[in-house]
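Here is how names work: the chains are called A, B, and so on, in the same order as the sequence lines, proteins then strands, and each is numbered from 1. Side chains are part of it too, since the values below use all heavy atoms of this structure and drop only hydrogens, waters and symmetry mates.
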Amino acid sequence: MRHLLSTGDLTRDEAVLILDTAKELAQVGERSVKKLPTLRGRTVVNLFYEDSTRTRISFEAAAKRMSADVINFSARGSSVAKGESLKDTALTLQAMGADGVVIRHSASGAARRLADWVDGAVVNAGDGTHEHPTQALLDAFTMRERMGRLEDLRVAVVGDIRHSRVARSNVLLLNTLGAEVTLVAPPTLLPVSVGTWPCSVSYDLDEVLPKSDVVMMLRVQAERMNASFFPSAREYSRRYGLDADRFARMAEHAIVMHPGPMIRGMEISAEVADSPRSTVVEQVTNGVSVRMAVLYLLLGGAMQTTGNQGETR
Amino acid sequence: MTDTKRYLIRDTRVLGGERTDILLGSGRIEQIGADLPADGAEVVDAAGAIALPGLVDLHTHLREPGREDAETVATGSRSAAMGGYTAVFAMANTDPVADTAGVVEQVWRLGRDAGYCDVHPVGAVTVGLGGRQLAELGAMADSPARVRVFSDDGMCVSDALLMRRALEYVKAFGGVVAQHAQEPRLTEGAQMNEGVVSDRLGLAGWPAVAEEAIIARDCLLAEHVGSRLHVCHVSTRGSVQIIRWAKSRGCDVTAEVTPHHLLLTDELAESYDPVYKVNPPLRTAEDVEALREGLADGTIDIVATDHAPHPSEAKETEWGQAAMGMLGLETALSVVQHTMVDTGRLDWAGVARRMSATPARIGRVTDQGRPVAVGEPANITLYDPTATRVVDPSAMASKSRNSPYVGMTLPGRVLATFLRGVPTVLDGKIQ
Ligand SMILES: [Zn+2]
């Protein structure tokens, strides 16, 4: 594994290795001194063409906890805004000797293109409507922590599947890891070829909900409504929103996930979002551990961490 | 543009027939026969090569005026000659748009001055390709460029009433409307063929039905008003079926397919390399099969290149930002050989019809697309189908390099191209 561009590129063993490594590294976060020398001398560039403070901070924290040098390169106000191409930027990063580049970009495939142009490891931190692999990994990590397993876990992913890089990455990864995914959305928000995807599909949330161990709610953007993907926010909310009534019909052990930021009211009600069965906050915490694991494995840091290396599952 | 110099093409085959020699003089084919005496003519050794009528491309983008950094009329027509073409139709989506007699005359003159092939400007159907108001089609038809093909290519004439009017109006001067069939609302933001691959890559889809719906509509309109319709770059199986059906009803419709749609599929987008980004997009293997079948059985009348040069900065970028289009002139014949001749679907006479005679007829050009026969204009392409080559961008005559075939091994090589008896390419080199 040289880059992390798509969860579809991960074998089962590689995915499990990332999750196990994250588990070990997570213990660092519980120490009072949250710092390891693992990536000392390595340079990680956060190349963000799209604003996402949450994701950038998460990657930055992950890299710094392992003592890497971090350069934040925001497209806003930079030479990029003046029209410098991605390729020119890639050549600059190359010249700076970046060992790893974390890229967030509004164009699908931007991470893949960058990987063609730089020597360092490229981590896709979200490219257009394509993928967001570390989000899927932290979701899987969170599910495994909560539920104790991923095999045969029944996961419902609800909302704008068609435009969601999170959904795409999750379907591929969860399938690799043995979970059963059901996508739930109005037909307009499902990919046209969803029948070929390794998952089930339903238009009916009420039917899927009681059979699910995990319910992952996705962000629905207001512009989708304007483009007639569904008639109104009210109708969407009635048919696909997770309110208290629906929440009550979920299995007792089932959890609710959301990649954030949430639109409370429309896609998820406040009481559901704040319930102990919601993992929203843990997802953020786990995000740092998973990103540490990814950077560690890609940049080939020296494992001298917790003494807990033998742990496998 | 004739030459007093005479050329004797030694040892060729006309459309793959018997071995023969061809003597060219005064812009015409003077003699065809075995062992003709050189008699002062310059001898061109064509052993192994076949003599095809000079190719005619009904769909070329020359970019001048406006984007001379990508291509000019001169470089584009050189590129055409290298590919064996003796005439090209230059699409109207230049800057300014070729929507007036002035612009089409300018393009026509630039082509004549360059002298590598006949350049026939295509006139825009609507002012500025805006799709709102008919351009002065008659003025363009009456200009020295004698425009007969009208197209908003790059844009679809999506307004049904305007399309009807255009089809009706060009009847006055024997024109044809060449439609770029793309329902605009169904393809907003589209980046590639809508299907399994676009879903996997997270790129917005361009559904086949957006092409098919317009073609079906236009065929019915053309039938209703009794006009000629030409469908540009057909790319889907459904489009082939619709055109077959329309022809069976007696609709006067012709259609073209590009070499790249005969060979390449949307799977190539997996690399996110925008060299494969084109409009209409590369489709699936089933579409490719249907297009080959449609071209073989005559449902699709011609091969047209949709040669679309772009500078490297327009392609060495993210897929979503990249320009659509690929080069085609210098590889078209090889790709047609590879996909249609070497697979046994077409013989060389069939290729000559689809790449020379029929495009000339659709474009109402009388001195191109003629058979290789005594007394005919000496527009001839000598092509060696037994040669193979690895496509090398540095050897291309186009100003741009956005060819999807770079590094691919393709069959065949254009040895020489004669335009009215004058070689524009000789021994594979531009003259
Ligand atoms: Zn077009």
Contact origin within A:Val194 toward chain B - heavy atom pairs under 4.5 Å: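 Contact with chain B: backbone only.
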Toward chain B, the part of A:His105 with a non-hydrogen atom under 4.5 Å: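 Contact with chain B involves the side chain of A:His105 alone.
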Heavy-atom pair with the smallest gap, counting every atom of [X] and [Y]:
X	Y	result
A:Ser193	B:Gly195	OG-O, 3.7 Å
B:Leu203	A:Ser108	CD2-CB, 3.5 Å
B:Ser271	A:Asp116	O-OD2, 4.4 Å
A:Arg113	B:Lys315	NH2-O, 3.7 Å
A:Thr129	B:Gly202	OG1-O, 2.5 Å

How about [X]: does its [atom1] atom have over 12 heavy atoms from other parts shown lying under 6.0 Å from it?
X	atom1	answer
A:Arg154	CZ	yes
A:Arg165	CZ	yes
B:Met155	CE	no

side-chain contact (heavy atoms from CB on, under 4.5 Å) assessment of B:Asp199 paired with A:Trp197: CA-CA 9 Å; B:Asp199 281 343; A:Trp197 286 23; 3.9 Å; yes
Distance (rounded to the nearest 0.5 Å) between [X] [atom1] and [Y] [atom2]:
X	Y	atom1	atom2	value
B:Glu316	A:Leu86	CD	CG	11.0 Å
A:Ser85	B:Gln321	OG	CD	9.0 Å
A:Ser228	B:Arg185	OG	CZ	7.0 Å

Steps toward side-chain contact (heavy atoms from CB on, under 4.5 Å) verdict (B:Tyr272, A:His130): CA-CA 11 Å; B:Tyr272 285 105; A:His130 177 224; 3.1 Å; yes
